[in-house]
2 protein chains.
Amino acid sequence: MSVDAFAVLAEPTRRRILDRLRRSESSVGDLVDALGMSQPAVSKHLKVLREAGFVTCRTAAQQRIYRIDTRPLRAVDEWLGPYRRMWAAHLDALERHLDSQE
Amino acid sequence: MSVDAFAVLAEPTRRRILDRLRRSESSVGDLVDALGMSQPAVSKHLKVLREAGFVTCRTAAQQRIYRIDTRPLRAVDEWLGPYRRMWAAHLDALERHLDSQE
DNA sequence: CCGTCATATGCCTGTCAAGGAATACAAGCC
DNA sequence: GGCTTGTATTCCTTGACAGGCATATGACGG
C-alpha cells in the first residue's frame, strides 16, 4: 500500500490488467497470454498492484489467481468528489439556463 | 491533450495545483508561493496540465491566470464507471444481507 | 527425491520525467 | 527606448521505472 494510487494507474499496462481482472479473476499465465508480454513483466506489474492494494491473490495448486480489490479505486473516486461537484454545479447551471430559454 | 490523464495526475505536485485551482483561479506567482517551489518548476507543471486540458489560462496584464477545466477529470470519472458498479454491487449485496439478518 | 510447471526475483540497459540555474520572451511603466 | 515584473523555455543532472533475459523459488506428480 506504499505507492500512490495514481502512480500505479499511470501505467497503461496496469490499467489493462485491471480491466481484464474486472471481467474475471485470472492466473498470471492467463494475463501473460492476454497482454502479449513477458511473464516477468506481468509479475512485476502484479507486484506493484498487489502492494498498492489493487489486487489480491490466492494460491490454487501451482498457480496464483489474481482478483481485483476495489478499495484503492474507491479512494480515487473520493479524490474526484470535490471536482465532480464542480461539474455537477455547471450542469445544473446549464440546465437552469436551458429551462429559462424554453 | 497528448498525454494520458492518469500520467498527468500521477505527479503529486500537479494534483496540489489542481486542488488549489479548485478553490480559485490563480496566477503563476500565486501558485509558486502556495507550493513553495521554483517558478520554472511550476510553469512546467502548468504546461503539462494545459496540454492535457486540465487547465486553461488567460492573460491579464503581465500575469497568466490559470483556471481548471474539468473535462479530463470527467474522463477519469468515466473510466471509473465499471469499477464503481463493482463496488456498488457489493454494497447492495451487503445491504441485502443485513436486511435478511434483522 | 527429481523433473516440471507456474510464478517471482535480480541484474542490466534504455528511456523519460522532474527540478534547479540561467536565460529568453512579453507586457507594462517611466 | 530602457527597466522592471511575470512567465516561459533551455540545458543539465539525477533518479525512477519498464522491459528483457537469466535465474531462483515453490508446488505438484511420479
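Keep in mind that this is a model prediction, so the values were computed, not measured. Chain identifiers are assigned alphabetically (A, B, ...) following the order of the sequence lines, protein sequences preceding nucleic acid strands; residue numbering begins at 1 within each chain.
Helix-axis bend for the helix from dC1(C)-dG30(D) to dC30(C)-dG1(D): the local axis fitted to the five terminal pairs at one end deviates from that at the other end by 10°, rounded to 10°.
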Side chain to side chain contact (heavy atoms under 4.5 Å, CB included) assessment of Val28(B) paired with Ile65(B): CA-CA 7 Å; Val28(B) 179; Ile65(B) 309 296; over 6 Å; no
Derivation of the side chain to side chain contact (heavy atoms under 4.5 Å, CB included) call for Thr56(A) and Arg50(A): CA-CA 6 Å; Thr56(A) 58; Arg50(A) 212 185 326 125; over 6 Å; no
Audit row: Val76(B), Trp79(A), side chain to side chain contact (heavy atoms under 4.5 Å, CB included) steps and yes/no: CA-CA 11 Å; Val76(B) 171; Trp79(A) 179 85; over 6 Å; no
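Remark: side-chain polar atoms of Arg67(B) are not paired, donor with acceptor, to backbone N or O of Cys57(B) under 3.5 angstrom. Looking at Arg58(B), its side chain never comes within 3.5 Å of a backbone N or O of Arg64(B) through a donor-acceptor pair. Ser26(A) places a side-chain N or O within donor-acceptor distance of the main-chain N or O of Ser24(A), the cut-off being under 3.5 Å.
Going from atom CE of Met37(A) over to atom C1' of dG20(D) covers 12 Å, rounded to whole Å. The distance from atom CZ of Arg50(B) to atom C1' of dT9(D) is 11 Å, rounded to the nearest whole Å. For the pair Lys44(A) NZ and dT25(D) C1', the interatomic distance rounds to 16 Å; values are reported in whole Å. Between the P atom of dT9(C) and the NE2 atom of His45(A) lies a distance of 15 Å, rounded to the nearest Å. Distance CG (Leu31(A)) to P (dG19(D)): 14 Å, rounded to an integer number of Å. Taking atom CG on Asp33(B) and atom C1' on dG6(D), their separation rounds to 12 Å, with Å as the unit. Going from atom CG of Leu46(B) over to atom P of dA18(C) covers 13 Å, rounded to whole Å.
Minimum heavy-atom separation, Ala52(B) to Pro72(B): O-CG, 3.4 Å.
Within the structure, ring pair (Phe, Tyr, Trp, His ring centres under 6.0 Å) contacts touching residues 35-74 of chain A (residues at least two apart or in different chains) do not occur.
Backbone-only engagement by Lys47(B) is indicated by non-hydrogen atom pairs under 4.0 Å involving sugar-phosphate atoms exclusively.
Contact check of residues 55-69 of chain A against DNA chain D (heavy atom, cut-off under 4.0 Å) returns Ala61(A). Listed by residue number, there are no residues of residues 8-26 of chain B with a heavy-atom contact under 4.0 Å to DNA chain D.
Ranking dG20(D), dA8(C), dA8(D) by closeness to the Ser38(A) side chain, first place goes to dG20(D).
Salt-bridge check for Arg15(B) with Asp4(A): passed, with a basic side-chain N closer than 4.0 Å to an acidic carboxylate O. With salt bridges taken as basic N to acidic carboxylate O contacts below 4.0 Å, none links Asp30(B) and Arg20(B). Using a 4.0 Å cut-off between charged side-chain N and carboxylate O, Asp19(B) and Arg14(B) make no salt bridge.
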Could you go over nucleotides 23-25 of chain C and give all protein N or O partners under 3.5 Å, atom names and distances?
none

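Exactly one residue among Leu49(B), Asp69(B), Ile17(B), Val48(B) makes a side chain to side chain contact (heavy atoms under 4.5 Å, CB included) with Val55(B). That residue is Leu49(B).
Comparing Ala41(A) and Ser27(B) against DNA chain D, the residue whose closest nucleotide sits nearer the 5' end is Ser27(B).
Remark: Ala41(A) pairs with Met37(A), Ser38(A) by the side-chain contact (heavy atoms from CB on, under 4.5 Å) rule, at least two apart or across chains.
Interatomic distance, CG of Leu18(B) versus CD1 of Ile68(B), reported as 5.0 Å (0.5 Å rounding).
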